[in-house]
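To keep things clear, I will list the structure first and then write my remarks on it.
Predicted model, so just to flag it, every value in this text is computed and none were measured.
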Amino acid sequence: RGREISRTIDEVVFETEQLTHRGVKEITLLGQNVDSYGHDLPDKPDLGDLLTELNKIADLERIRFLTSHPNDMSDHIIDCVASLDKVCEHINLPFQAGDDSVLNNMRRGYTNYHYRDLIEKIRSRIPNVSLSSDLIVGFCGETDGQFEKSLQLVKDIKFDKLHAAAYSTRKGTISDRMMTDDVPLETKKRRLEIIEDVQKGILTESNASLEGKTFEILVEGRKRGKWFGRTRNDKLVYFQSETSTKGEMIDVKIDDSSPWSLNGTRIQKVSL
């Protein structure tokens, strides 16, 4: 893919202003490692600086960003997420594996302890933050014991969303050139099923705790006969309404939940 290339703050701000003039309420800053933004620019701004400038745009309602790398999630970025009112309290922070040897083979550059410590710091500084992550099972040479460390990390941290996948070779990568894909397919499938079952239980419990609460939703559209949108924490919410429109900011009270989404009722705001 080549080296990372960062667009300037002025360029991103200008494009965002043009989008808001066309009615856009929410933007997502996207990068392979979005929190390494600015390292290649002359004045070395970081993602926190970009978030700060975007937060000043009057008609913009929400700002999201992904995907982050643990090694580049700085205190400044964390503090900006905590303090800027338009930046959503949701962070995607892939850990990929829970065993240090596997992480080293993946060349991730951090350890299980470092990742856990970073999560603790994020949760202590950003009230009500939600966390999503990525995990690969069955990486080259991964033993059952090493997999158990990934499983334990999932149980301990209780992610709000987890994208888990079985390892497969990709041409041109270091693992393809220098390692052997030696974990049997059936083992990968079994490990993936274990992770998915545990994560389903975590989400069942966490989403149930949101029932009865009211959240601000940005309406995104209709699906299966209902309107849907997301909370600032990136929770998917379905609701019935006769008056909603796409792009509207509304309040929804959560009536019931599933592991994958919430269902609610629109709360009409009273004009004084």
Side-chain angles (χ1 to χ4, degrees), residues 16 19-20 23-30 34 51 54-68 77-93 119 122-133 154 157-163 199-272:
T16 302
L19 290 170
T20 59
V24 170
K25 300 289 184 65
E26 175 182 305
I27 64 162
T28 300
L29 304 175
L30 179 65
V34 70
L51 293 172
L54 291 169
N55 199 71
K56 298 174 183 178
I57 299 176
D59 295 327
L60 187 62
E61 297 277 358
R62 289 179 175 180
I63 305 167
R64 302 186 188 275
F65 61 92
L66 61 100
T67 298
S68 301
I77 294 173
I78 295 171
D79 290 339
C80 284
V81 176
S83 62
L84 298 174
D85 63 306
K86 297 180 181 180
V87 180
C88 294
E89 299 83 3
H90 176 76
I91 293 179
N92 178 276
L93 197 65
I119 292 297
I122 290 171
R123 283 179 164 163
S124 68
R125 295 191 187 185
I126 307 174
N128 301 316
V129 68
S130 63
L131 296 165
S132 61
S133 194
V154 171
I157 293 180
K158 294 179 168 54
F159 296 100
D160 295 272
K161 186 182 296 183
L162 180 65
H163 304 282
Q199 182 64 14
K200 182 178 180 180
I202 291 170
L203 292 178
T204 297
E205 182 178 346
S206 64
N207 284 353
S209 71
L210 303 178
E211 294 176 11
K213 298 182 179 180
T214 299
F215 296 96
E216 185 182 59
I217 305 297
L218 173 57
V219 182
E220 296 182 19
R222 287 181 65 85
K223 187 185 297 183
R224 299 195 296 271
K226 292 184 178 181
W227 290 96
F228 70 93
R230 294 180 185 272
T231 68
R232 288 176 62 96
N233 294 119
D234 203 36
K235 293 286 187 179
L236 178 62
V237 180
Y238 290 95
F239 62 95
Q240 296 280 11
S241 174
E242 299 298 327
T243 59
S244 295
T245 57
K246 185 176 181 180
E248 187 179 10
M249 302 291 292
I250 66 169
D251 289 336
V252 174
K253 182 180 180 182
I254 306 304
D255 300 320
D256 58 81
S257 63
S258 74
W260 321 121
S261 63
L262 307 172
N263 291 284
T265 304
R266 176 172 181 170
I267 304 298
Q268 296 294 339
K269 297 180 180 179
V270 179
S271 299
L272 301 177

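- Counting heavy atoms from C-beta outward, Thr231 and His90 have side chains that stay 4.5 Å or more apart.
- Residues Thr214 and Asp251 bring no donor and acceptor atom of their side chains to less than 3.5 Å of each other.
- Once rounded to the nearest 0.5 Å, the distance linking OG1 of Thr67 with CD1 of Ile91 reads 12.5 Å.
- Looking at Leu203 and Trp260, their side chains come closer than 4.5 Å, going by heavy atoms from C-beta outward.
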| Pair Val34-Arg64, side-chain contact (heavy atoms from CB on, under 4.5 Å): steps then yes or no | CA-CA 11 Å; Val34 70; Arg64 302 186 188 275; over 6 Å; no

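- A distance of 4.0 Å separates OG in Ser206 from NZ in Lys235, rounded to the nearest 0.5 Å.
- Taking CG of Asn55 as the reference point, atom CG of Leu60 lies at 8.0 Å (rounded to 0.5 Å).
- Formation of a donor-acceptor pair under 3.5 Å by the Arg232 side chain with backbone atoms of Val129 is not found in this model.
- Within the 3.5 Å criterion, the main-chain N or O of Pro259 finds no donor-acceptor partner in the side chain of Thr204.
- Here the side chains of Leu66 and Leu30 are in contact, with some heavy-atom distance below 4.5 Å.
- The number of heavy-atom neighbours closer than 6.0 Å to CD of Glu205, taken from other residues, nucleotides and ligands shown, is 12 or below.
- Side-chain contact between Val237 and Trp227: absent, with no pair of heavy atoms (C-beta onward) separated by less than 4.5 Å.
- The two residues Met249 and Glu61 come nearest to each other via the heavy atoms CG-CD, 4.2 Å.
- Checked by atom type, the side-chain pair Ser132/His163 shows no donor-acceptor distance below 3.5 Å.
- Of all the heavy atoms in Glu89 and Val81, the pair that sits closest is CA-CG1, 4.5 Å.
- Taking CZ of Arg230 as the start and CZ of Arg62 as the end, the distance is 10.5 Å to the nearest 0.5 Å.
- A tilted orientation is assigned to the rings of Tyr238 and Phe228, their planes being inclined by 30° to 60°.
- In this structure, the side chain of Asp234 does not engage the main chain of Ser130 through any donor-acceptor pair within 3.5 Å.
- Of the inter-residue distances, the one linking Ser133 atom OG with Asn92 atom CG reads 7.0 Å to the nearest 0.5 angstrom.
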| Lys226/Gln240 under side-chain contact (heavy atoms from CB on, under 4.5 Å): CA gap, chis, key distance, verdict | CA-CA 6 Å; Lys226 292 184 178 181; Gln240 296 280 11; 3.7 Å; yes

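- Annotation for Ser241 and Arg222: closest pair O-NH1, 4.3 Å, computed over non-hydrogen atoms.
- Side chain of Lys25 to backbone of Leu218: no donor-acceptor contact under 3.5 angstrom is found.
- Contact between Leu210 and Leu262 at its shortest, heavy atoms only, is CD1-CD1, 3.9 Å.
- Under 3.5 Å, the side chains of Asn263 and Asp256 contain a donor-acceptor pair of N or O atoms.
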| request: I would like to know whether Leu29 and Leu54 meet side-chain contact (heavy atoms from CB on, under 4.5 Å); could you show each step before the answer? | output: CA-CA 10 Å; Leu29 304 175; Leu54 291 169; 3.8 Å; yes

| query | For Phe159 and Leu131, what are the C-alpha separation, side-chain angles and deciding distance, and is it a side-chain contact (heavy atoms from CB on, under 4.5 Å)? | reply | CA-CA 5 Å; Phe159 296 100; Leu131 296 165; 4.2 Å; yes

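- Two residues are said to be in side-chain contact when any heavy atoms from C-beta on lie closer than 4.5 Å; Lys86 and Ile27 fail this criterion.
- Scanning all heavy atoms of the two residues, the minimum distance from Val154 to Leu162 falls at CG2-CD2, 3.9 Å.
- Gly212 approaches Lys253 most closely through the heavy-atom pair O-CE, 3.7 Å.
- Applying side chain to side chain contact (heavy atoms under 4.5 Å, CB included) to Val87 and the options Ile126, Leu51, Ile77 leaves one that passes, Leu51.
- One distance of note links CG of Asn207 with CG of Asp160; it measures 8.0 Å at 0.5 Å rounding.
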